[in-house]
Every structure is written in structure tokens, then in C-alpha cells.
Amino acid sequence: MRTEIANASFRGRFVLAKRYIEEGEVVAFHTETVYGLGANAFSDEAVLKIFALKGRPADNPLIVHVHREYDISSLIDSEPPYAAALRSAYLPGPLTMVYPSTGKVSKYVSCGLNTLAIRVPSSPTAQAFLKEVDLPIAAPSANLSKHVSPVTARRAWRGFNGSIPLILDGGACSGGIESTVLDCTGDVPQILREGLVTREMISSVAGDCKVYRAQTGERPKSPGMAYKHYSPRCRTAYFTEVDGAKRAYLEEKEAGGSPCILCDSDAARELAGYDILELGATGTVMAQRLYALLRKGEGCATLLVGIEPRARDGCMAGVLNRMRRAFGAEHGMEES
Ligand code: TXA
Ligand code: MG
């Protein structure tokens, strides 16, 4: 199968995407967070294809994506008032909401859970695609399971060239890390995966917001968070201080390797003469750059040395979660 990357100059790309989706194919598409790998959520066969393509564990549920005018009342059983308020405040946008499911979509979407995760992406490319198909589209990030999520069409193509027919190119993803996943089945909303919509943003609308932390040995509420994830394909080391990172770097150099350090702008100033990949100084910028730099690092380094960024503003909780997990410094939840 030839995999076509279709950008805005390809008129008729959404009509073509709709045809593929109706035929049960899988189509990759741009969102404002990362690229997604989408299929018709009502079709068992199409949904199973996603799991097979990614090598995704069968117990890791998928998010369903819909356009802004799609009526989700047939998909969900109930919605607390705070969830309706959050929808009007932040959707379309990088916030996924988990509701009690009516069980209308394929049972493989939620992997046996009685809930359904719904997301309304703000990307114009995603909106145009979802509007054209007018179906809920089940879509995980468009990477092979356990690998770094793609933030460009080219990166999605590298993972799935030859196995899907079409990638809807909307350029680089402005958000850079996956959406916040929020459990809306209880009295108080609970973050299952931190992301660009922060706890503070949710509390300010909902009055309160908890953050879920899996207890050791417990099956996590968001099963995706149970596996190692976001891993670059080279050796890694992780430090909270610059000195440790320098030592690991120099040892690797002496052993004949080519190390590289991934760090924020503050640490970068202390690392003149070292090979570095600079994340930036704020949460928003670091989120935007993290996955592209992890991919770059794995392509050129024998050892990628991470230094924990110091900033704690905005979406840094999400950035730190992804970074610690990429470097194997935090376990608990898994994605794919
Ligand atoms: O930004 C995003 O969310 C991207 C783009 C493509 O939309 N998608 C994405 O999907 O990151 P994925 O499959 O890589 O991660 C989905 C996360 C996993 O941690 C999964 O376990 C959780 O959402 N999830 C899905 N359905 C759930 C449910 N019913 N209850 C709890 N967690 C759920
Ligand atoms: Mg993923």
C-alpha cells in the first residue's frame, strides 16, 4: 500500500479520507497535540486494525474524536454540570473527557471498561476531517506502541509507511504533548493524564480537581499509563542536577560514544562545549519541542542524557510526566 501525505494543496483530501474510513481503513491526521491514527469507532474490525498496526496492548483503551457540532448524547450516559462547563470553557481543545458509556461504539474502543473517552480537537485539519466523516473516530497517537508520539506528518509516515493509505498533514503540532485525560464520572473531576489543560485551568471552572496517582500494584484507572512509554530508541540517563549529567556525558565520550544532553535553557547556559538539545524556558515551549527533540536525540546520540527542567509553570506537570517516563525515571501509567 502506498501511503500518501496530503496537505492543504490536495483538494478533496477530506472526501478521500471519508471514503477510506467508510471502507474500514485507518487514516492518520493532524491534531493540535500530536498526530492521531484514526478509524471508525463503530466498526470492530476497523478499531482492531489500529491495535494491530501499533502493536498496542489489548487492555489500553482508545479516545474517540468528534467534531465540534457532533451530538455526544448518544455516546454517553450522563454528564455532571461541571463537565458541561468544562466543555464550553475548553473545547475544542486538548482536553479529553471520560464519561459513562452507552456502549454504542465498538467494545474494543474502551477495552471492556464501562466508560468512554471523548475528545474534540481544535486543529482545523482534524475538525474538517471529523466533520466530513461525521462519525466518532477512535484514535491513539500515531506512533508504534511505546515509542515517542509524532508531531509532524513525516514522523507519522516513518512509523506507518506502507500500512495505511493516507496521512492528513496539518503541519507541526502546536501543543506537542498529548491531551489532558480527565475522568468526569465522579463528583469531582480527576486528571488521569496531565497535559496542556492544567489542573488550575480545570479547578477554576469546575471548582475543584483531583490528580489521580496509581498506588503500587494497582491497575491504573487510565490503563495506558501502566506501561513504559514515549521511549527514545537509544540508551538514556536522567539527572536532576547538571553535574551528574556532565559526568555521564564525559564517561560516554571517553568510551567512544556520542552522547547528547536534553535540557532547559538554564542548564544549557552551564553546558558550553557539550552537545545539547535545548528544550526552552517555559512549559508551553518545552511541550512543543519535547517529542521532536527526543526523536532527534535518538537519531544522533548513543546516550541521551536528560536533565530535569526547573520550571513549574503552566503545563510543566505534563511535560515532566512525559520526560520522566521517556527516561524511565517514573513508572506508573503507560500510554501507547
Ligand atoms: O492528544 C491526544 O490525546 C492524542 C491525539 C491523537 O488525540 N491521543 C492520544 O491517544 O494520546 P493515546 O491512545 O495515545 O492515549 C490515550 C490515553 C491512554 O492513557 C488511555 O489509557 C486513556 O487515554 N484512555 C482512553 N480511554 C479511556 C477510558 N475510557 N478511561 C480511562 N482512560 C482512558
Ligand atoms: Mg499514545
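Reckoned from all heavy atoms, side chains included, excluding hydrogens, waters and symmetry mates.
- Looking at T302 and E252, their side chains do bring a donor and an acceptor atom within 3.5 Å of each other.
- R119 and E32 are joined by a salt bridge, as a carboxylate oxygen and a charged side-chain nitrogen come within less than 4.0 angstrom of each other.
- Contact detail for P57 and K146: the closest heavy-atom pair is CG-NZ, 3.9 Å.
- Residues I191 and C209 are in side-chain contact: their nearest non-hydrogen atoms beyond the backbone lie under 4.5 Å apart.
- Between R87 and I72, some side-chain heavy-atom pair lies under the 4.5 Å cut-off.
- Under 4.0 Å is where a charged nitrogen must lie from a carboxylate oxygen, and between E194 and R322 no such pair does.
- Just one of V120, I63, V34 meets the side-chain contact (heavy atoms from CB on, under 4.5 Å) condition when paired with S179; it is I63.
- Taking the side chain as every heavy atom from C-beta outward, L192 and L182 never approach each other to under 4.5 Å.
- Put simply, the side chain of L86 does not reach to within 4.5 Å of the side chain of V197, judged on heavy atoms.
- Defined by atom type and a distance below 3.5 Å, a donor-acceptor pair is missing between the side-chain atoms of Q127 and H65.
- The pair D266-R269 meets the salt-bridge criterion, with a side-chain N (NZ, NE, NH1 or NH2) lying under 4.0 Å from an Asp/Glu carboxylate O.
- In this structure, E308 and T240 have side chains that are in contact, with non-hydrogen atoms separated by less than 4.5 Å.
- Between the side chains of S149 and R155, no donor N or O sits under 3.5 Å from an acceptor N or O.
- Ring orientation note: the planes of F29 and F129 are tilted relative to one another, at an angle of 30° to 60°.
- Residue K246 qualifies as enclosed at atom NZ: its count of foreign heavy atoms under 6.0 Å is above 12.
- The two residues G186 and P80 make their nearest non-hydrogen contact at O-CG, 4.4 Å.
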Could you go through the salt bridge (Lys or Arg N to Asp or Glu O under 4.0 Å) check for E45 and K49 one step at a time?
-> CA-CA 6 Å; E45 256 181 51; K49 234 184 227 180; over 6 Å; no
Would you be so kind as to tabulate the donor-acceptor pairs closer than 3.5 Å made by side chains of residues 275-283, with sequence neighbours excluded?
residue, atom, partner, partner atom, Å
E278, OE2, S265, OG, 2.7
T282, OG1, V285, N, 3.4

Going through the checks in order, is the salt bridge (Lys or Arg N to Asp or Glu O under 4.0 Å) test met by E298 and R158?
-> CA-CA 14 Å; E298 72 177 5; R158 288 205 189 141; over 6 Å; no
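- Every residue was checked against the salt bridge (charged side-chain N to carboxylate O under 4.0 Å, His left out) condition with R247, not counting sequence neighbours, and none meets it.
- With respect to the salt-bridge test (charged N to carboxylate O, under 4.0 angstrom), the residues R19 and E23 qualify.
- Residues P189 and K210 are not in side-chain contact: their nearest non-hydrogen atoms beyond the backbone lie 4.5 Å or more apart.
- Ring centers of Y249 and Y274: under 6.0 Å apart, within the cut-off.
- D264 CG to M323 CE: the interatomic distance, rounded to the nearest 0.5 Å, is 8.0 Å.
- Both L37 and L16 sit in one connected hydrophobic cluster of ILVMFWY residues. Membership requires side-chain heavy atoms under 4.5 Å apart, directly or through other members.
- Listed here is the closest heavy atom pair of G38 and A139: CA-CB, 3.8 Å.
- Of the residues listed (T180, V151, L196, T96), the one engaging T33 in a side-chain contact (heavy atoms from CB on, under 4.5 Å) is L196, and it is the only one.
- Annotation: the span from T284 atom OG1 to R289 atom CZ amounts to 11.5 Å, rounded to 0.5 Å.
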Can you give each donor-acceptor pair under 3.5 Å made by side-chain atoms of residues 2-10, sequence neighbours left out, with the distance rounded to 0.1 Å?
residue, atom, partner, partner atom, Å
T3, OG1, G162, N, 2.7
T3, OG1, I164, O, 2.7
N7, OD1, S9, N, 3.0
N7, OD1, S9, OG, 2.6

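- Of all heavy-atom pairs between I177 and Y291, the closest is CA-CE1, 4.1 Å.
- At least one side-chain heavy atom of T236 sits less than 4.5 Å from a side-chain heavy atom of P232.
- More than 12 heavy atoms of other residues, nucleotides or ligands sit less than 6.0 Å from atom CZ of R312.
- Each of V27, V26, I21 was compared with L166 under the side-chain contact (heavy atoms from CB on, under 4.5 Å) criterion, and only V27 meets it.
- In this model, a donor atom of one side chain and an acceptor atom of the other lie less than 3.5 Å apart for Y35 and D169.
- No continuous path of ILVMFWY side-chain contacts below 4.5 Å connects L262 to L250, so the two sit in separate hydrophobic clusters.
- The cluster map of Ile, Leu, Val, Met, Phe, Trp and Tyr, joined by side-chain heavy atoms under 4.5 Å apart, puts V211 and Y82 in the same cluster.
- Here the side chains of L75 and S101 are not in contact, with every heavy-atom distance at 4.5 Å or above.
- Using modelled atom types, one finds no donor on one side chain facing an acceptor on the other under 3.5 Å when comparing D77 with T102.
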